[in-house]
Amino acid sequence: GGYVPAEALETVNEWFERYYKAAERGEVGRKNRGQPQVTAKDREKRFLNWLSPIIGTVPMSRVGPDDLRAVVRRLDEEIRKRTRFYAAESTEARQGRKPGLSAKAARNIWGECTAGFREASTSKVESLRVRNDDPTRGVQPPMTTADRDMAALYPSELLALLGAPSEKVPTYRRILYAVAGYSGLRVGELRGLTASSVDFAHGVINVRGQGKGGKLAKTKTRAGRRQVPIEPALGELLALLVDGAEEGKPLLRIPPAEDCAAKLRDDLVAAGCDREELFADDDERQQFTFHGLRHTALTHWAVAGKGQQWLAAAGHTDLATTMGYVDVAVMLSGSFGQPHPPLPASLLTEAADPELWRNYRIPGSKYAEYLRPQRELKSPQARPVLPPEGGRSPEKQALPAPEARRPAGAILDQRGPGKTEDAEAELERRMVAAELAGRTTVADALARQLEALRAERTEPGFRPHLRVVG
């Protein structure tokens, strides 16, 4: 045989490793326009999990259509696993982590493959251009399934969630839900929101980045950088948040990404919002997730007949995605209720409490954790400890004194002695009713609430809903 250049023997794994590093530097990618690609690490994980095991050791220059059809066969089989999971007649068979892949996830993985081989054949970066052809062009993509629908919250449900008592849904989460449900921002964009993002003079929220890994990163696409008009009902709450915020610090407190959806569904149940469409999880319907608050905001705008400026604020790359909300609005407008109604007065009152925001401004303070249930914390070691009576350090004198310890069985805040058993009985009644109706997601959420309530009675030192008050 003749001479074979070294780069011709570079494996798919080795080439894609160089490709993702180039994406991190902003050297490749059509959407980031020369800027570092904030999703490069996530894309690389997708490649390593699904593409590398099948074609990773094949020389990049020798990958052919047959190699890529093996990838498609694997993705098709994962989609069928998910379809069989949804088709299971027994609700028990559909518990736990879902097997397989959704068709959308499979399309994203296949998109990773097509983007890589397109770059390998047409790249402006000479060292990445190692092929004269794109082998994905002759390969059919993974199978498709019907898109699953997610319900939006009706105005009455939105008010019930935001107006729930703080011992049922912590204040910081209701504030978060209000901003998300009235602004339509994605969770990453909410993490990147600071006081300087809010422009009251012009009535807009400037979206210029997203919170990622504790740092502010650029939005994924150019369409993500936009101005979102401030919904009139949200203005007062935003003013309170900005007034209490520390310069350059996040405006909102947001649970870890892996907890957001589950906690939101639990909070909906706690607020009495247990409509079946919000919790159904089958081949046609998707249970409500944190992204559902963005979906809710856009649906409310469409039903209200908001103009082009509001629809453009959605930040979709594809206009057809935004216009889909207009079609939904036509069906909902008759019985929907008032879109984005005024926020509950109780929420605004709690957000206006100066003690609430003073605790956020103490560097490294664990007292802000009192705004969330202790069982949300990562580990028992991370839980805040109440200072001993009369033993408060000078740097903590600004904090209000802790409430006196209550006797075992008493519930903090608005639930006084004697009401605990009634609350347990009501939760148990709703849980049994949900189980009999086959609504396992709702039943599980109620069971967690019941377990937490019983823990409050048996652990005198456990204060899951403590709020710092003056």
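Keep in mind that what you see is a predicted model, and the values were worked out from it rather than measured. These numbers come from the heavy atoms of this one structure, side chains and all, not from hydrogens, waters or symmetry mates.
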- Audit row: Thr289, Leu264, side chain to side chain contact (heavy atoms under 4.5 Å, CB included) steps and yes/no: CA-CA 7 Å; Thr289 66; Leu264 174 54; over 6 Å; no

- Interatomic spacing from NZ in Lys45 to OG in Ser52 - rounded to 0.5 Å: 15.5 Å

- Query: Do Tyr20 and Arg25 have a side chain donor and acceptor closer than 3.5 Å?
  - Reply: no

- What's the spacing between Ser61 OG and Leu9 CG if we round to 0.5 Å? 7.0 Å

- Message: Just checking Asn49: does its CG atom have more than 12 heavy atoms from other residues, nucleotides or ligands closer to it than 6.0 angstrom?
- Response: yes

- Message: Could you check whether any side-chain N or O of Arg191 sits under 3.5 Å from a backbone N or O of Pro250, counting only pairs where one atom can act as donor and the other as acceptor?
- Response: no

- Aromatic ring centroids of Tyr182 and His300 under 6.0 Å? no

- Distance-only donor-acceptor check, side chains Trp50 and Glu78, under 3.5 Å: no

- Kindly give the heavy-atom pair with the smallest separation between Ala178 and Leu162, and that separation in Å. N-CD2, 3.6 Å

- Any Lys/Arg nitrogen of Arg69 or Asp66 sitting under 4.0 Å from an Asp/Glu carboxylate oxygen of the other? yes

- Side chains of Arg148 and Tyr86, donor plus acceptor under 3.5 Å: yes

- Message: With a 4.0 Å cut-off on N to O distance, would you call Glu77 and Arg84 a salt bridge?
- Response: yes

- Message: So, taking the atom named CD in Gln338 and the one named OG in Ser156, what distance separates them when rounded to the nearest 0.5 Å?
- Response: 12.0 Å

- Closest approach of Gly192 to Ser197 (non-hydrogen atoms, all atoms of both residues): O-OG, 4.2 Å

- Query: Under 4.0 Å between a Lys/Arg side-chain N and an Asp/Glu carboxylate O for Asp281 and Lys98?
  - Reply: yes

- Message: Looking only at the side chains, is there a donor atom on one of Asp134 and Thr136 sitting less than 3.5 Å from an acceptor on the other?
- Response: yes

- Applying salt bridge (charged side-chain N to carboxylate O under 4.0 Å, His left out), run through Lys263 and Asp266 and close with a yes or a no. CA-CA 5 Å; Lys263 292 192 181 305; Asp266 285 354; over 6 Å; no

- Step by step, work out the side chain to side chain contact (heavy atoms under 4.5 Å, CB included) result for Gln287 and Arg265. CA-CA 9 Å; Gln287 62 184 346; Arg265 287 192 291 270; 3.6 Å; yes

- NZ/NE/NH1/NH2 to OD/OE distance under 4.0 Å, Glu10 and Arg18: yes

- What residue among Leu237, Thr194, Val198 forms side chain to side chain contact (heavy atoms under 4.5 Å, CB included) with Val242? Val198

- Message: Go through it in stages, so that I can follow the logic: the residues are Phe336 and Tyr154, the test is ring pair (Phe, Tyr, Trp, His ring centres under 6.0 Å), and I'd like the CA-CA distance, side-chain angles, deciding distance and then a yes or no.
- Response: CA-CA 6 Å; Phe336 190 74; Tyr154 284 102; 5.6 Å; yes

- Task: Please determine if Lys21 and Glu27 form a salt bridge, counting it only when a charged side-chain N lies under 4.0 Å from a carboxylate O.
- Result: no

- Query: Salt-bridged, Glu189 to Arg226, with N to O below 4.0 Å?
  - Reply: yes

- Please walk me through it: do Arg285 and Asp282 pass salt bridge (charged side-chain N to carboxylate O under 4.0 Å, His left out)? CA-CA 5 Å; Arg285 298 171 295 179; Asp282 52 38; 2.8 Å; yes

